[in-house]
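Notes follow the structure.
Indexing begins at 1, ligand by ligand and atom by atom, following the structure's order.
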Amino acid sequence: MLAMSRLQLLGVTVIVSALAALLALVAFSPPAQANHSWNGYHWARTSNPFMLNLGDNVSSTWDSYLGTTSADWTKSTVLNTKVVPSQKNRATCRPTSGRVEVCNYTYGANGWLGLAQVWISGKHIVQGTTKVNDTYFNRARYNTPSWRNLVMCQEVGHTLGLDHQDEINDNPNLGTCMDYTNDPNGGAGGASATDPSNEHPNQHDYDQLVAIYAHLDNTTTVGSTSAANTMPPAANQGNFNSRAEWGRKIHESPNGQLELHERDFGGGKKIYTFVILA
Ligand SMILES: [Zn+2]
Ligand SMILES: [Zn+2]
């Protein structure tokens, strides 16, 4: 019978521990091209590139940012966005079937800086809203071009079917608005001169959109005035600015600045609310 010496036993233990650590690392490392679509939700359409209208319910302060966001996402090969006139009450910012309504307003000290709300039927997006809260954007901390670009770009990005690429606020910027950060302009004003700005999409976002919209559907929700008719009445009532109407919180970022809420009406009908907290 072979008896192990204490030293040998220690050696085996070290090797086993190292292997376990290595395996854990492999298991939890995201692949280089991780999937940052958001549950595969997408606008139904029968051809690419499709045209998504962004209803302009923003004041002059925000017009250039909405224009920048629209131009940024239109660089995608599978979709184009167009800013179109809209007449929504900016305080309530009700959705319109088949498009995304974008609003700014002093929504109050309710905790949220920006919201993206997306109405889902099955796997398809039927309508969306993006809201930016001037109560916070009027304060010095957020009253900067880089914060305005980050939030506008990210919230509209969610309404296209994209999720965050990164949610840790104090790590190096990835150079995309889908990466939450406390330093949106990166090197221009941050600690590291080499940190890229997170004010616009990056190539990974465009690649992700290509993947999400690779298939074609035989129905269309984008631009459809009836796509949202299948939603239950409750999905078009109530005050969606209020946390009380968002349903269950299903995700929170490590620092708690980002949240995702799901309100499930059954039958595949849902409202998702992406939140950036102030
Ligand atoms: Zn589809
Ligand atoms: Zn977000």
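For an aromatic pair to be called close, the ring centres must be under 6.0 Å apart, and Y213 with W43 fails this.
Side-chain contact annotation: S86 with N57, donor-acceptor N/O pair under 3.5 Å present.
Using bins of under 30°, 30° to 60° and over 60° for the plane-to-plane angle, the ring pair Y107/W112 lands in the tilted bin.
H158 contributes NE2 as its N, O or S atom closest to the Zn ion (ligand 2). Shortest distance from the Zn ion (ligand 1) to D217 is reached at OD1 (N/O/S atoms only).
Among the backbone and side-chain atoms of M178, no N/O/S atom is found under 2.8 Å from the Zn ion (ligand 2).
Judged purely by atom type and a 3.5 angstrom limit, W119 uses its side chain to pair as donor or acceptor with the backbone of A235.
The angle that H215 NE2 and H124 NE2 make at the Zn ion (ligand 1), rounded to 10°, works out to 170°.
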